[in-house]
Amino acid sequence: MPGLTALMETPVERPAPAPASAPVPADESADRALVRLAQSGDLGAFDELVVRYQERIYALVYHMTSNHEDANDLAQEAFVKAWKALRNFKGDSSFYTWVYRIAVNHTLNHLKTRRSRTQHVSLNDLDFNAEHDPDLLQLISHKNPRRDVNLRELGERLNEAILKLSDEHRTVVTLHDIQGMPHEEIAQILQCNPGTVRSRLFYARQQLQAWLSDLLR
Amino acid sequence: MNTDPLPEDVEPLRRLLALKRHETPPPGYFRTFSRQVIQRIEAEEQATVASGWRSWLTRFPVPTAWLHPNAWIASGLALLAVTAIFLRKSDAQPGSSPSNPQSAGLGFNPPTPVAFAPKVEERFTLPAGVGYRIELITFDSNSVPHSLLLQPVFTGEPVFWPR
């Protein structure tokens, strides 16, 4: 992926970043219709469902693994698992929650089996819109005028800190603080109490604040 | 969506973490994503069907070597070779034609008809001047005659039987 400097020199049209809070699918009835078609073996309907949720599922897996190749494989495998299990999907929850649960569990299993992997990408791979983010500009401007260096260091520090969290704590941080999901929906996905989600989030934030204290001053 | 109030000291961390939303895959990545998912599904379903056939075949007490693709290829070649030899042999038969189903392509000739040449078994000659040759004609010397042919032969004066 090109660095931020290269992106600044040759601006390209990039998709807008994910919104501050992860959107709940507004058209759940359309989802249900597509699910019914897919349950009867219609791959085209399932393809439409994949298109609807591919970006969010990819982002979820990417933030849990900090690795593009892993995120690519795991996100695709999660959808394949969803297709295989679709006949057993009763519709007790939304398709969105259900497929999120599959992706989270599949990624957690992957992380348990490949614990030794530490390679990750940094915020050097930030998209073009990152340079316009006011939070990022504020953080960089009062730290160091050499933006590229600071941006890279910031990304590495952030990812290192996130990867130091346990898988369960990283999952709630990803779902809540990065993807913007409410506690109740995270509890549905992880099949635990909202209180458990809150306590995990509290503990994870404490750890991150300790590790990133110099950036947060 | 995120309606939970955040403590003051958590807000800088939350804003810092939110920067990760800018990490995106290469441009155009999602244009092919769903297609790749569908291809994976189709490939897995084909593999499932193939393994189903394989497990069905293993129910029979067939030597494992027979399940090898080379065994099937060898069997096919052997069948082709036998067919080619058979066709060549039937083409080489003189007089064989499809119109004669008994001889065409069967590898043998029908039995030749029994020669109908009459055979003289005995000759009787009457001593009184008139003789008759009696021919006993049979199909085979060892079999019972099927018919008798009496062919008169006039050799001279008629015979006058004594009264």
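What you see below is based on every heavy atom in this structure, not just the backbone, and it leaves out hydrogens, waters and symmetry mates. Below, chain A is the first sequence line, B the second, and so on; all start at residue 1.
Using a 4.5 Å cut-off between heavy atoms, Leu49(A) does not touch chain B at all. Contact of Glu77(A) with chain B is made through backbone and side chain together, with heavy-atom distances under 4.5 Å. Both the backbone and the side chain of Ala75(A) come within less than 4.5 Å of a heavy atom of chain B.
Below 4.5 Å, heavy atoms of chain A meet no heavy atom from residues 73-80 of chain B.
Side-chain contact check for Asp73(A) versus Arg40(B): some heavy-atom pair is nearer than 4.5 Å. At least one side-chain heavy atom of His68(A) sits under 4.5 Å from a side-chain heavy atom of Tyr29(B). Within the 4.5 Å cutoff, the side chain of Arg14(B) has no heavy atoms near those of the Leu208(A) side chain.
Nearest heavy atom pair, residue Gln209(A) against residue Val10(B), reads NE2-CA, 3.9 Å. Contact between Leu17(B) and Ile178(A) at its shortest, heavy atoms only, is O-CG1, 3.7 Å. Taking both residues in full, the closest heavy atoms of Val37(B) and Val80(A) are given as O-CG2, 4.2 Å, listed atom of the first, atom of the second, then distance. Summarising the geometry of Asp47(A) relative to Ile38(B), their closest heavy-atom pair is OD1-CG1, 3.5 Å, with the distance given to 0.1 Å. Listed here is the closest heavy atom pair of Lys20(B) and His63(A): O-CE1, 2.9 Å.
When each of Val50(A), Asn72(A), Thr174(A) is checked for heavy-atom pairs under 4.5 Å with chain B, Asn72(A) comes out on top.
With sequence neighbours excluded, no residue forms a side chain to side chain donor-acceptor pair (under 3.5 Å) with Glu42(B). Listed by chain and number, the residues in a side-chain contact (heavy atoms from CB on, under 4.5 Å) with Asp42(A) are Leu37(A), Ala45(A) (sequence neighbours excluded). Looking at residues two or more places apart in sequence or on another chain, you find no salt bridge (Lys or Arg N to Asp or Glu O under 4.0 Å) involving Glu168(A).
Here the CG atom belonging to Leu158(A) is positioned 7.5 Å from the CD atom belonging to Glu23(B), to the nearest 0.5 angstrom. Going from atom CG of Leu13(B) over to atom CD of Gln207(A) covers 11.5 Å, rounded to the nearest 0.5 Å. Summarising the geometry, atom OG belonging to Ser34(B) is positioned 13.0 Å from atom CZ belonging to Arg52(A); distances are rounded to the nearest 0.5 Å.
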* To do: Test Thr24(B) against Tyr62(A) for side-chain contact (heavy atoms from CB on, under 4.5 Å), laying out the working first.
  => CA-CA 9 Å; Thr24(B) 59; Tyr62(A) 172 75; over 6 Å; no
Would Glu45(B) and Trp83(A) count as a side-chain contact (heavy atoms from CB on, under 4.5 Å) if you check the C-alpha gap in whole Å, the side-chain angles of each, and the deciding distance to 0.1 Å? CA-CA 11 Å; Glu45(B) 287 186 346; Trp83(A) 166 259; 2.9 Å; yes
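Comment: Arg21(B) does not engage Asp177(A) in a salt bridge, judged by the lack of any side-chain N to carboxylate O separation of less than 4.0 angstrom.
The backbone N or O of Phe30(B) lies less than 3.5 Å from a partner atom in the side chain of Gln54(A), making a donor-acceptor pair.
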